[in-house]
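This report refers to the structure that appears directly beneath it.
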Amino acid sequence: MAFSGCVSVPVVLILLLGLAAAASAQLSATFYDASCPSALATIKSAVTAAVNNEPRMGASLLRLHFHDCFVQGCDASVLLNDTANFTGEQTAFPNRNSIRGLDVIDNVKAQVEAVCAQTVSCADILTVAARDSIVALGGPSYTVPLGRRDSTTASLSEANRDLPPPTSDLADLVGNFSRKGLSVTDMVALSGAHTIGQAACINFRSRIYGESNIDPAYAASLQANCPQSAPNGDGTLAPLDVSTPDAFDNAYYGNLLSQQGLLHSDQQLFNGGSTDALVNTYASNAAQFSADFAAAMVNMGNIGVLTGAQGEIRLNCAAVN
């Protein structure tokens, strides 16, 4: 879509952000209090059980929410299977062979449908599941505004365009998040989600063999299971946080201070640039990180939401009604 020359880009951006703010203003923490009072407890129970069974699932559900919100907004488009009318987002390069947790969301949705039929959206389930995953791994709790509706389409091209790759430089990250209405503080705080989860060798091979801003002993430990010659070891996993891989804490930032960021995009946050000071703050002040992360999650959860009569409430998260 092209804009006419009579409207400047900054004005358009202001208008878009204004529309987003208006939509998010329609969200409410009490949205389901009357229509489905047991919704949040049902989601929490199912998510906690899944994370207790496999701690990595907490990171997968959090990532699923992030990958949803950055493509078309927080509308559960990432959950849609391909149809004759559109190719969904699950085969986009950032999601291919790495997206996880779809079965958990399906299970949560089934449990919620059993207590409140066609009332709670898949988009809200994804948002609440991300929060409950963080809490299950020891991270901060926060109030989630609710009332999102589900999209009726998805976009492979937008997923390939809008999800930041692990090769991103700092300027790329700042721009990518800014285009979604998120600040630099939001970006650095949300990157702290890499205190949990794992990444595949294919995504950090170039860093551990070709970059100088990495602790040599750390690089050597990774090289043992991630050979330099692709595709050998492409799928071998390593924790994003080498210190406390299954605990949601601020250790990720301490790792960056020690040049032990797993991905290129991780170490970019502490590499002599404008975000160094904030990384230092989060490394030494867990409470500040938790507060900023919680605020950033709410901000991200407000991106491009559908409300009111927009979209639908899917019966099956993987398919349009």
Side-chain angles (χ1 to χ4, degrees), residues 54-64 66-68 70-71 78 81-82 87-103 154-177 187 190-246 251-253 255-273:
E54 183 199 3
R56 184 188 173 201
M57 185 54 66
S60 297
L61 293 174
L62 176 52
R63 183 175 186 260
L64 199 56
F66 167 60
H67 280 217
D68 179 43
F70 263 56
V71 183
V78 71
N81 292 332
D82 296 351
T87 301
E89 299 160 18
Q90 294 174 23
T91 55
F93 184 76
N95 292 328
R96 190 184 311 147
N97 299 322
S98 66
I99 196 169
R100 302 176 77 248
L102 300 173
D103 54 338
S155 176
L156 176 72
S157 61
E158 285 191 36
N160 280 321
R161 183 191 69 197
D162 290 355
L163 291 170
T167 54
S168 297
D169 290 331
L170 180 58
D172 300 324
L173 292 168
V174 170
N176 190 293
F177 279 70
M187 184 271 288
L190 288 171
S191 296
H194 283 184
T195 185
I196 53 175
Q198 302 178 57
C201 165
I202 191 174
N203 291 316
F204 58 81
R205 176 183 283 118
S206 61
R207 169 157 166 73
I208 64 175
Y209 287 102
E211 298 187 4
S212 59
N213 61 343
I214 186 169
D215 176 70
Y218 177 59
S221 70
L222 294 166
Q223 290 168 1
N225 294 306
C226 180
Q228 188 167 11
S229 300
N232 297 323
D234 275 3
T236 301
L237 298 174
L240 287 157
D241 175 357
V242 69
S243 302
T244 55
D246 292 328
Y252 166 81
Y253 299 100
N255 296 337
L256 298 185
L257 299 186
S258 301
Q259 294 192 317
Q260 292 181 345
L262 181 63
L263 305 177
H264 174 84
S265 56
D266 289 326
Q267 197 60 54
Q268 282 291 292
L269 302 182
F270 189 79
N271 194 42

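As a basis for the values below, the full set of heavy atoms in this structure was taken, side chains included, without hydrogen atoms, waters or symmetry mates.
Contact annotation: the side chain of Leu173 approaches that of Ser168 to within less than 4.5 Å [non-hydrogen atoms, C-beta and beyond]. Side-chain contact between Gln198 and Leu240 is absent, with no heavy-atom pair separated by less than 4.5 Å. Within the 4.5 Å cutoff, no side-chain heavy atoms of Gln228 are placed close to those of Gln223. With contacts defined as side-chain heavy-atom distances shorter than 4.5 Å, the pair Arg56/Arg100 qualifies. Side-chain contact between Glu89 and His67 is absent, with no heavy atoms from C-beta onward closer than 4.5 Å. Looking at Phe66 and Leu190, their side chains never come closer than 4.5 Å, going by heavy atoms from C-beta outward. You'll find the side chain of Tyr253 stays beyond 4.5 Å of the side chain of Leu257, heavy atoms only. Phe93 is not listed as a side-chain neighbour of Pro165, based on a closest heavy-atom distance of 4.5 Å or more.
With Gln260 contributing its side chain and Asn255 its backbone, the two residues share no donor-acceptor pair below 3.5 Å. A distance-only check finds no donor-acceptor pair linking the side chain of Asn160 to the backbone of Ser157 [under 3.5 Å]. Side-chain atoms of Gln90 come within 3.5 Å of backbone N or O of Val78 as a donor-acceptor pair.
Ile99 CD1 to Leu64 CG: the interatomic distance, rounded to the nearest 0.5 Å, is 5.0 Å. Here the straight-line distance linking atom CG of Asn213 with atom CG of Asn271 works out to 4.5 Å at 0.5 Å rounding. Rounding to the nearest 0.5 angstrom, the gap separating the CZ atom in Phe204 from the OG1 atom in Thr236 is 7.5 Å. Rounded to the nearest 0.5 Å, atoms CG (Asn232) and CG (Asn225) are 12.5 Å apart. Considering CG of Asn81 and OG1 of Thr87, their distance stands at 11.5 Å, rounded to 0.5 Å.
Among all heavy-atom pairs drawn from Gln268 and Asp169, the shortest one is OE1-CA, 3.4 Å. Ser258 and Asp215 make their closest contact through O-CB, 3.6 Å (heavy atoms, listed as atom of the first residue, atom of the second, distance). Taking both residues in full, the closest heavy atoms of Gly192 and Tyr252 are given as CA-CD2, 3.8 Å, listed atom of the first, atom of the second, then distance. The two residues Met187 and Leu269 come nearest to each other via the heavy atoms SD-CD2, 3.6 Å. Shown here for Leu170 and Gly273, the closest heavy-atom pair between the two residues is CD2-CA, 4.3 Å. Pairing each heavy atom of Glu211 with each of Ile214, the nearest pair is O-CG2, 3.4 Å.
For the residue pair His264 and Asn203, no side-chain donor N or O sits within less than 3.5 Å of a side-chain acceptor on the partner.
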With side-chain contact (heavy atoms from CB on, under 4.5 Å) as the test, would you mind laying out the steps for Arg63 and Ser98 before giving the verdict? CA-CA 10 Å; Arg63 183 175 186 260; Ser98 66; 3.2 Å; yes
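Checked against His194 for a side chain to side chain contact (heavy atoms under 4.5 Å, CB included), the options Asp241, Leu262, Leu263 give a single hit: Leu263.
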